[in-house]
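As structure tokens, the structure follows; a few thoughts come after it.
One-based numbering, in listed order, for ligands and for the atoms of each. Since we're looking at a predicted model, the values are computed, not measured.
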Amino acid sequence: MKNSHYFANVALGAALIGTGITDAFAAEPTIRELAKERGRFIGTILNSEWFNDAIEPEFEEIHKTQFNVVVAENEMKFDATEPVENEFNFVKGDKMVKYAQENKIRVRGHALAWHSQVAGWVSSNYSGQKEKLLAVLKNHIEKVVGHYKGQVAEWDVVNEAINDDYNAGWRSNGSVWYEGIGAEFLDSAFVWAHKADPKAELCYNDYSLEWGLREGSKASFVVEQVKRWKANGIPITCVGTQTHIEIAHETTPQNVRALAKALAELGVTLNITELDIGFPKGEAGKLTAADYAKQGHLYRQFMDVFLEEPNMGEFVIWGLTDAHSWLDEQQGKTEALLYDRQYKPKPAYDSVMASLMAHPATDVVSPYDSKLFIDPQDSTETDSTIAIKAVASPASLSMRVSGRTLFIAGANSAKVEVFDMQGRPVFSGKSEKGSVELKGIAEGIYMVRVRDGSSSLVKRKNIYGKNRVASPSRGSFFHIKKRPSRFSEGTLERNY
Ligand code: 9MR
């Protein structure tokens, strides 16, 4: 386990000022610095104790030093934001957004349409009344997303709407939304959220997505729904896999990799949104160094997958310290986080750092390529709360591959980089007079990035051998042209 960390560094660093030997400490990076260099967001929740000013001072110091994305544990949920019909309470959410802005931390909003933590008045007043419930949900989404427009980069628009059967389908029991409205509450929620903040990323978030893409699984069901949403112009941009797992769940990182690849085909980002890797509660106090090393190994594998898959953007852990975790309060699990109960980094912390170090920034593709995804009018700073735009590609720049030649229109001389689907660079060069030979690349599908000054374009391309001609591209990777929505409220076309 590391024996030096933030506080140790500060204290020792302070003691060494004046001796001229502070460089070694200045050199130790934080998770957020490495995440930022890689164009990614790594973070954790602000626990409810933080909102209530009932948390140790170490918490916030570590939080803002180590992480660059944040989520409210409970304070942006329906029951917190609209406890009384059409009376909104943004006090706690605003407190977090202010903190995030002051510390240049990206904000995830959690969660808009969920069957749990809905204010009691919804079912007492409107249970089973479709039109009323639609109006309630619409008003809630418009007011909440509207309030945080431009400040919350991404919303969990729908949370946990899939049932836990072995043959996954929509959760039909215990959901005031599904029971009263039917499955179109999901489509509507995305459309309303997009209208309220067109630049926000919009996610479908759920648990047990880490159990693989077998037939009937939640993950397969999500992929099918995302296909339908995309085909129907529903503005979904991301899926969140919560990933609350146990130490024995060794196959889960590779299942997450498979899900990322399936979603990449659909031009959708996969985010890890609530990771924790718990030990059975009975083992508390008996855990050995080998147990913690095993936990670290699993964290490492998740971080490896995260950094290697080009369509993964956020890695959020559901808690910072084992001293404050929903697992201890509500589940038979414990000791699942990066920091122990005394705020000392665990081997899991070292493993996350080791993974980041092993994946240099030049090898990590960012789905938030600042030039491609962020509206130039907003900011060039990725480490910020500015909303990400998943659609902009400069109209003037385009590319096409024929055999091994990449033709670029809109730029005479552009920087060209090619990455394999693991995000590893396989070619780098410059185009001359609008074309470049892609030498030394095996046949296959690649991500091609072209940059010219402030313009940048990323597309997925088939690269063929000399004598074959490329088939028309099946579409770009993140060049998602959001079709103008064919949907107006009340006329949503569904395909379930
Ligand atoms: O951590 C949250 C805990 O404090 C709440 O009591 C609980 C109530 O549902 O919600 C926890 O957070 C959940 C998250 O919002 C959605 N995914 C599962 C999380 C853990 O239950």
Side-chain angles (χ1 to χ4, degrees), residues 43-55 59 63 67 69-83 92-93 95-96 107-120 122-123 140-141 144 152 154-164 168 171 173-178 186 189 202-211 218-219 222 238-246 249 252 256 259 270-279 281 302 314-339:
T44 178
I45 54 175
L46 283 172
N47 291 84
S48 291
E49 291 88 338
W50 178 87
F51 288 91
N52 298 329
D53 299 321
I55 206 153
F59 180 91
H63 192 277
F67 301 114
V69 58
V70 67
V71 187
E73 181 170 24
N74 289 298
E75 289 65 21
M76 283 195 181
K77 294 173 180 173
F78 197 122
D79 57 354
T81 49
E82 195 181 350
K92 288 188 174 170
K95 178 178 169 179
M96 179 175 81
V107 179
R108 295 196 82 242
H110 172 84
L112 298 170
W114 186 21
H115 64 277
S116 181
Q117 290 179 280
V118 186
V122 178
S123 47
H140 183 79
I141 290 175
V144 176
V152 169
E154 174 170 309
W155 283 99
D156 284 332
V157 177
V158 181
N159 194 39
E160 302 179 4
I162 304 176
N163 65 28
D164 295 323
R171 180 189 298 275
N173 289 325
S175 165
V176 69
W177 308 121
Y178 188 94
L186 290 101
L202 304 180
C203 292
Y204 176 80
N205 191 52
D206 214 330
Y207 59 88
S208 294
L209 299 184
E210 68 279 7
W211 286 108
K218 277 189 160 184
V222 160
C238 43
V239 167
T241 170
Q242 296 184 3
T243 326
H244 296 286
I245 62 156
E246 292 178 27
H249 298 163
T252 48
V256 168
L259 179 57
L270 177 65
N271 294 320
I272 293 174
T273 51
E274 304 184 15
L275 182 64
D276 43 33
I277 305 177
F279 294 97
K281 201 155 187 175
F302 276 110
E314 296 174 317
F315 185 106
V316 180
I317 302 165
W318 204 250
L320 181 152
T321 158
D322 292 333
H324 301 286
S325 164
W326 76 289
L327 291 176
D328 265 343
E329 294 151 15
Q330 296 168 25
Q331 302 279 308
K333 291 188 276 181
T334 192
E335 317 300 312
L337 304 170
L338 296 190
Y339 289 82

> Out of Glu49, Lys77, His110, who gets a non-hydrogen atom closest to atom 10 (O) of ligand 1?
Replying inline: Lys77

> Out of Val70, Val152, Asp156, which one pairs with Arg108 under the side-chain contact (heavy atoms from CB on, under 4.5 Å) rule?
Replying inline: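 Going through the options one by one, the only one that passes is Asp156.
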
>> Quick check on side-chain contact (heavy atoms from CB on, under 4.5 Å): which of His63, Glu73, Met96 does Ile45 satisfy it with?
In response: Glu73

Could you list the atoms of ligand 1 found under 4.0 angstrom from a heavy atom of [X]?
X      : result
Gln117 : 7 (C), 8 (C), 9 (O), 10 (O)
Glu274 : 14 (C), 16 (C), 17 (N), 18 (C), 19 (C)
Glu160 : 16 (C), 17 (N), 18 (C)
His244 : 18 (C), 19 (C)

>> For the aromatic rings, using the six-membered ring if either is Trp, is the centroid distance between His244 and Trp326 under 6.0 Å?
In response: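 Ring centroids of His244 and Trp326 are less than 6.0 Å from each other.
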
> For ligand 1, is there an N or O atom under 3.5 Å from any N or O atom of Gln330?
Replying inline: yes

> For Trp326, is at least one N or O under 3.5 Å away from an N or O on ligand 1?
Replying inline: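 Such a contact does not occur with ligand 1.
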
>> Once you measure the plane-to-plane angle for His140 and Phe78, does it fall in the parallel (<30°), tilted (30-60°) or perpendicular (>60°) bin?
In response: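 His140 and Phe78: parallel rings.
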
> Taking the six-membered ring for Trp, are Trp114 and His110 parallel (under 30°), tilted (30 to 60°) or perpendicular (over 60°)?
Replying inline: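 If you compare the ring of Trp114 with that of His110, the planes turn out tilted.
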
> Does ligand 1 have any atom that is closer than 4.0 Å to a heavy atom of Trp318?
Replying inline: yes

> Excluding sequence neighbours, so at least two apart, what forms side-chain contact (heavy atoms from CB on, under 4.5 Å) with His115?
Replying inline: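 Result, side-chain contact (heavy atoms from CB on, under 4.5 Å) vs His115: Glu160, Arg171, Ser175.
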
> Tell me, which protein residue and heavy-atom name are nearest atom 5 (C) of ligand 1, and how many Å apart are they?
Replying inline: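 Going atom by atom, the protein heavy atom closest to atom 5 (C) of ligand 1 ends up being Asn74 OD1, 3.4 Å.
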
> To the nearest 0.1 Å, how far is atom 1 (O) of ligand 1 from its closest protein heavy atom, and which atom is that?
Replying inline: Glu73 OE2, 2.6 Å

> Using heavy atoms and a threshold below 4.0 Å, how should the contact between Ile45 and ligand 1 be classified: side chain, backbone, both, or neither?
Replying inline: neither

> Say you draw a straight line from OG of Ser325 to CD of Gln331; how long is it, rounded to the nearest 0.5 Å?
Replying inline: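 The CD atom of Gln331 is 9.0 Å from OG of Ser325, to the nearest 0.5 Å.
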
> From Leu112 CG over to Lys77 NZ, what is the distance, rounded to the nearest 0.5 angstrom?
Replying inline: 12.5 Å

